[in-house]
Engineer: 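Submitted below is the structure of interest, expressed as structure tokens.
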Amino acid sequence: MTITLKDYADVLPKELMALADKNKVRECDETAKGHFVAYVDDGKDSYDVVLNFTGNELSTHTCDCKNGHTFCRHKAALLMHIARGKKVKAPVKAKKKENKTEILLDQVEATDLKDWVLNLLRKNKDLELSFIHYFSTIRQLYTPEDVKKLVAEAIKVVLGNRKTAEAIQLKRLTELWTEMLRTVMEQYQANVTDEGSFLNFHTMLEDIISLQYKIETTSNKLSKFVEGLLQRSAEAINNLQIEESWDKAIRYFIRYLIRDQGGFRSHYLVHLNNIAAISEFARKEKITDLLVKQYGNALPESRGNAHTYTKMIFLIVEANDLFSRYYNLFKPIPYDNDYNLKLIQLLIKNHHFEIAEKYCRAQIMSNYKTDYNVIYWEQLKEIYTLTNDEGKLAEILVVLFPFTYDFDDYLIIASRMPEEERKKWRTKMLSRASNASNSRNTAATVFCFRLMDYEKNYKKMIEYIDSHASYSIITPYFEKMILTDKAKLIETMLRKHDDTFWIDIERDKKDDACFPELYTLVEKNYTPQYLKMIIAKEEKDRKYYRLNRFMSYVKEQLEQVV
């Protein structure tokens with residue numbers, strides 16, 4: 001919202017100026033050019049207010065009242081005090097050498113200039129339209145029908161009957177709208193509680209947005225223009241300090257959120273959420289309560305974009321920390337895993353375990369692919385862990401394990417099985433994990449190493465050292481493997497290939513970080529002469545052989561040994 005010393009009365013809400021008039025400004029000083037400081041008395045309270053101007057335009061402002069982040073009544077009081085009591089001079093411009101155009105303008109006859117301008121305007125309809133509205137001195141009160149004509153007139157001049165539009169054309173159109181609709185917007189900003197002003201603003205938005213669906217374009221000029229209009233609306237509404245007035249301005253958007261023919265206006269929902277975001281909690285709560293009440297009465301499942309409507313209301317409730325109040329309002333959306341997962345997680349967080357379990361199982365039943373069930377099994381695992389339901393937890397861990405390869409889960413499952421069943425299941429899961437490891441499943445690789453460590457089978461662990469086993473996985477068990485088969489381990493490490501077909505920057509960083517520790521263990525158990533010998537032999541015997549990253553590191557370290 002642009003405020004100047006000349007037109008502040010057209011921009012600021014009348015209610016705000018009425019409240020400002022009740023305040024008393026004292027000790028107003030212009031400490032530097034355009035920098036004003038003063039005390040503003042509001043009843044028994046007094047506040048420090050600072051206004052900074054660039055020319056006649058207000059650039060920055062502060063007040064130490066609780067509403068100081070908005071343009072509060074105290075700032076308005078100081079602004080009005082300055083405007084009424086101080087003649088503001090336009091900044092003095094430095095003289096500059098006149099250019100050819102300026103010289104010609106001084107020399108040309110007025111009638112010739114008018115004829116030239118008239119001819120130019122006739123050839124450029126958008127320029128002519130802008131000229132008419134810019135130099136018109138009549139400030140009329142518009143109706144929605146007038147607004148529709150203004151919007152359509154600009155479209156006709158710039159686009160005609162085109163079905164496609166380039167960015168440059170939309171730029172011209174939005175610039176023309178800015179000029180033609182300036183009074184409409186200013187009247188609304190000054191009277192956001194007036195229904196007529198809102199209907200003009202609403203009509204303007206409706207017709208501009210409808211154009212987006214009628215033309216093909218790669219430009220975002222129209223959506224950005226609409227965002228700018230809504231932002232100015234949010235600023236004006238946020239400046240309302242009487243709750244009844246603020247409530248009235250908000251309810252216009254609530255009333256027109258739902259379309260008569262079905263569906264909803266998502267831009268109004270975003271707008272209300274943006275207003276809530278810059279409001280104190282009581283106002284956030286009020287907006288959320290109104291939206292939720294309307295959502296509950298709107299039969300959202302029967303409307304167009306019903307799922308989008310649900311998700312947007314859900315996000316607003318969550319953002320304003322009111323999920324615990326409205327948790328039973330939301331239901332899962334078929335196949336929308338992101339939304340469903342967030343809903344279930346919030347239910348668990350708020351200890352609504354039965355509902356969360358019900359929703360998890362409903363999604364599992366409807367999924368046609370097992371992989372899609374994993375996220376819901378994981379939520380069931382958390383539910384049964386928190387509720388200490390060991391029986392259900394064991395059941396879930398059995399179906400979840402082949403997807404997560406969580407070793408701790410493996411121990412719980414195995415502990416509940418008879419010995420023969422446990423042996424068969426162990427063999428089956430290890431085989432499956434080994435295959436998954438070969439497909440670059442890091443969790444499966446970690447499981448294989450942890451299981452071998454648990455069973456003290458370090459000879460078998462050495463066999464799992466391949467291109468998919470990162471050095472950071474190997475390092476914790478390296479010393480134990482040395483004690484089992486020292487020669488076999490270094491031979492396996494020497495012949496290990498790096499997984500060059502699968503780039504993983506984070507994995508490589510972890511590997512690099514563990515190289516010094518791994519080298520210390522190698523140096524401790526193998527002589528430099530032996531290491532140099534086996535490295536040289538391997539490079540000689542294998543024509544196309546290239547040392548892996550760790551053995552290259554070892555070779556570099558050995559070259560520094562005297």
Engineer: With side-chain contact (heavy atoms from CB on, under 4.5 Å) as the test, would you mind laying out the steps for Val49 and Phe36 before giving the verdict?
Structural biologist: CA-CA 8 Å; Val49 184; Phe36 294 88; over 6 Å; no

Engineer: Around Glu354, counting heavy atoms of other residues, nucleotides and ligands shown, do more than 12 lie under 6.0 Å from its CD?
Structural biologist: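 No, CD of Glu354 has 12 or fewer neighbouring heavy atoms, counting only those of other groups under 6.0 Å.
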
Engineer: Inspect the contact between Lys156 and Glu153 and indicate whether a charged nitrogen and a carboxylate oxygen are less than 4.0 angstrom apart.
Structural biologist: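 No, this pair does not count.
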
Engineer: Tell me the side-chain hydrogen bond (donor to acceptor under 3.5 Å, both in side chains) pairs involving residues 34-49, sequence neighbours left out?
Structural biologist: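 As it turns out, the side-chain hydrogen bond (donor to acceptor under 3.5 Å, both in side chains) pairs with a partner in residues 34-49, which skip direct neighbours, are Arg26-Asp41, Arg26-Ser46, His35-Asn52, Asp41-Ser46, Asp42-His74.
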
Engineer: Hey, is Lys248 close enough to Glu244 for a salt bridge, meaning N to O under 4.0 Å?
Structural biologist: no

Engineer: Within a strict 4.5 Å, meaning less than it, do heavy atoms of the Asn274 and Leu230 side chains meet?
Structural biologist: no

Engineer: Look only at the side chain of Asn273 and the backbone of Leu269, and say whether a donor-acceptor pair between them is shorter than 3.5 Å.
Structural biologist: no

Engineer: Please check if the side chain of Gln294 supplies one atom and the backbone of Ile254 the other of a donor-acceptor pair under 3.5 Å.
Structural biologist: yes

Engineer: State whether Arg283 and Glu280 are salt-bridged, where the test is any N-O pair (Lys NZ or Arg NE/NH1/NH2 against Asp/Glu carboxylate O) under 4.0 Å.
Structural biologist: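 Result for this pair is no, no salt bridge flagged.
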
Engineer: Take atom NZ of Lys221 as the centre, draw a 6.0 Å sphere, and report whether it contains more than 12 heavy atoms from other residues, nucleotides or ligands.
Structural biologist: no

Engineer: For the residue pair His202 and Phe198, categorise the inter-ring angle as parallel (less than 30°), tilted (30 to 60°) or perpendicular (more than 60°).
Structural biologist: parallel

Engineer: Is the backbone of Leu322 close enough, under 3.5 Å, to the side chain of Glu318 for a donor and an acceptor to pair up by distance?
Structural biologist: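 Looks like no, no N/O pair under 3.5 Å.
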
Engineer: Hey, is Glu243 close enough to Lys286 for a salt bridge, meaning N to O under 4.0 Å?
Structural biologist: no

Engineer: Measure the NZ-CG distance between Lys311 and Asp336 for me, rounded to the nearest 0.5 Å.
Structural biologist: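 With rounding to 0.5 Å, NZ (Lys311) is 4.0 Å from CG (Asp336).
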
Engineer: Applying side-chain contact (heavy atoms from CB on, under 4.5 Å) to Phe225 and Leu170, what does each step give before you reach the verdict?
Structural biologist: CA-CA 10 Å; Phe225 185 70; Leu170 294 182; over 6 Å; no

Engineer: Could you go through the salt bridge (Lys or Arg N to Asp or Glu O under 4.0 Å) check for Lys224 and Glu227 one step at a time?
Structural biologist: CA-CA 5 Å; Lys224 289 295 183 183; Glu227 286 176 16; 3.8 Å; yes

Engineer: What about the rings of His307 and Tyr309, do their centers lie closer together than 6.0 Å?
Structural biologist: no

Engineer: Could you walk me through whether Asp146 and Thr143 satisfy the side-chain hydrogen bond (donor to acceptor under 3.5 Å, both in side chains) test, starting with their C-alpha distance in whole Å, then the side-chain angles of each, then the deciding distance to 0.1 Å, before giving a yes or no?
Structural biologist: CA-CA 5 Å; Asp146 296 328; Thr143 66; 3.0 Å; yes

Engineer: Got a donor-acceptor contact below 3.5 angstrom from the Tyr252 side chain to the Glu195 backbone?
Structural biologist: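 Yes, Tyr252 side chain to Glu195 backbone: donor-acceptor pair under 3.5 Å.
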
Engineer: Between Asp508 and Ile505, is there a donor-acceptor pair closer than 3.5 Å when you use the side chain of the first and the backbone of the second?
Structural biologist: no

Engineer: Any luck finding a side-chain donor-acceptor pair between Tyr326 and Asp289 under 3.5 Å?
Structural biologist: yes

Engineer: Any side-chain heavy atom of Ser279 sitting closer than 4.5 Å to one from Asn238?
Structural biologist: yes

Engineer: Side chain of Thr4, backbone of Asp7: donor and acceptor closer than 3.5 Å?
Structural biologist: yes

Engineer: Quick check for you: to the nearest 0.5 Å, what is the distance between Ile275 atom CD1 and Ile237 atom CD1?
Structural biologist: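 With rounding to 0.5 Å, CD1 (Ile275) is 4.0 Å from CD1 (Ile237).
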
Engineer: Any idea which heavy atoms bring Val147 and Tyr142 closest together, and the distance?
Structural biologist: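 So the minimum-distance heavy-atom pair works out to CG2-CB, 4.3 Å.
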
Engineer: Specify the closest pair of heavy atoms between Phe281 and Asn320, including all atoms of both residues, with the distance to one decimal.
Structural biologist: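 The answer is CE1-O, 3.8 Å.
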
Engineer: Check whether more than 12 heavy atoms from other residues, nucleotides or ligands sit under 6.0 Å from atom CG of Asn350, and answer yes or no.
Structural biologist: yes

Engineer: With a 6.0 Å cut-off on ring centres, are Tyr372 and Tyr335 close enough?
Structural biologist: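 Ring centroids of Tyr372 and Tyr335 are no less than 6.0 Å from each other.
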
Engineer: Rounded to the nearest 0.5 Å, how far apart are NZ of Lys349 and OG of Ser324?
Structural biologist: 10.0 Å

Engineer: For Asp511 and Ser472, which heavy atoms make the closest approach, and how far apart are they?
Structural biologist: OD1-N, 2.9 Å

Engineer: Taking the six-membered ring for Trp, is the centroid-to-centroid distance between Tyr359 and Tyr376 below 6.0 Å?
Structural biologist: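 No; Tyr376 has its ring centre 6.0 Å or more from that of Tyr359.
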
Engineer: Give, for atom CG of Asn23 and atom CE of Met80, the distance between the pair rounded to the nearest 0.5 Å.
Structural biologist: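 Reported to 0.5 Å precision, the distance equals 9.5 Å.
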
Engineer: Testing the basics here: between Glu175 and Lys171, what is the closest heavy-atom pair and its distance to 0.1 Å?
Structural biologist: OE2-NZ, 2.6 Å

Engineer: Decide yes or no on side-chain contact (heavy atoms from CB on, under 4.5 Å) for Tyr188 and Arg232, but give the supporting numbers first.
Structural biologist: CA-CA 10 Å; Tyr188 167 69; Arg232 291 168 67 184; over 6 Å; no

Engineer: Between Cys360 and Gln379, which heavy-atom pair has the shortest distance, and what is it?
Structural biologist: SG-CB, 3.7 Å

Engineer: Would you check if the distance from the ring center of Tyr268 to the ring center of Tyr256 is below 6.0 Å?
Structural biologist: no

Engineer: Would you please test Tyr339 and Phe330 for ring-ring contact (aromatic ring centres under 6.0 Å, His included) and show each step?
Structural biologist: CA-CA 10 Å; Tyr339 164 78; Phe330 303 101; 7.2 Å; no

Engineer: Please find the pair of heavy atoms, one from Ala234 and one from Ile278, that lie closest to each other, and give the distance.
Structural biologist: O-CD1, 4.4 Å

Engineer: Does any non-hydrogen side-chain atom of Arg182 lie less than 4.5 Å from one of Glu179?
Structural biologist: yes

Engineer: Below 4.5 Å, heavy atoms only, C-beta onward: do Leu211 and Leu159 meet side chain to side chain?
Structural biologist: yes

Engineer: Determine whether a donor-acceptor pair (N or O, by modelled atom type, separation under 3.5 Å) exists between the side chain of Asn239 and the backbone of Phe71.
Structural biologist: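 Side chain of Asn239 to backbone of Phe71: a pair is present.
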
Engineer: Do Gln169 side-chain atoms and Glu166 backbone N/O form a donor-acceptor pair below 3.5 Å?
Structural biologist: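 Looks like yes, one N/O pair under 3.5 Å.
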
Engineer: Apply side-chain contact (heavy atoms from CB on, under 4.5 Å) to residues Ser470 and Thr442 and explain how you reach the verdict.
Structural biologist: CA-CA 9 Å; Ser470 66; Thr442 302; 5.8 Å; no

Engineer: How far does CG of Leu343 sit from CD1 of Ile348, to the nearest 0.5 angstrom?
Structural biologist: 10.0 Å

Engineer: Indicate yes or no: at least one non-hydrogen side-chain atom of Glu206 is less than 4.5 angstrom from one of Arg265.
Structural biologist: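 Side-chain contact under 4.5 Å: yes.
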
Engineer: Describe, in one word, how the ring planes of Tyr553 and Phe515 are oriented to each other, choosing from parallel (under 30°), tilted (30 to 60°) and perpendicular (over 60°).
Structural biologist: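 Geometry flag for Phe515 against Tyr553: tilted rings.
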
Engineer: Got a salt bridge between Asp338 and Lys342, using NZ or NE/NH1/NH2 to carboxylate O under 4.0 Å?
Structural biologist: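 The answer is no: the pair does not qualify as a salt bridge.
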
Engineer: In the structure I gave you, are the side-chain heavy atoms of Leu176 and Arg172 within less than 4.5 Å of one another anywhere?
Structural biologist: no

Engineer: When you compare the side chain of Arg162 with that of Ile215, does any pair of heavy atoms fall below 4.5 Å?
Structural biologist: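 A side-chain contact under 4.5 Å is absent here.
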
Engineer: Nearest 0.5 Å, what's the CZ-OH distance between Arg507 and Tyr471?
Structural biologist: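 Answer for the CZ-OH pair, Arg507 versus Tyr471, is 9.5 Å.
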
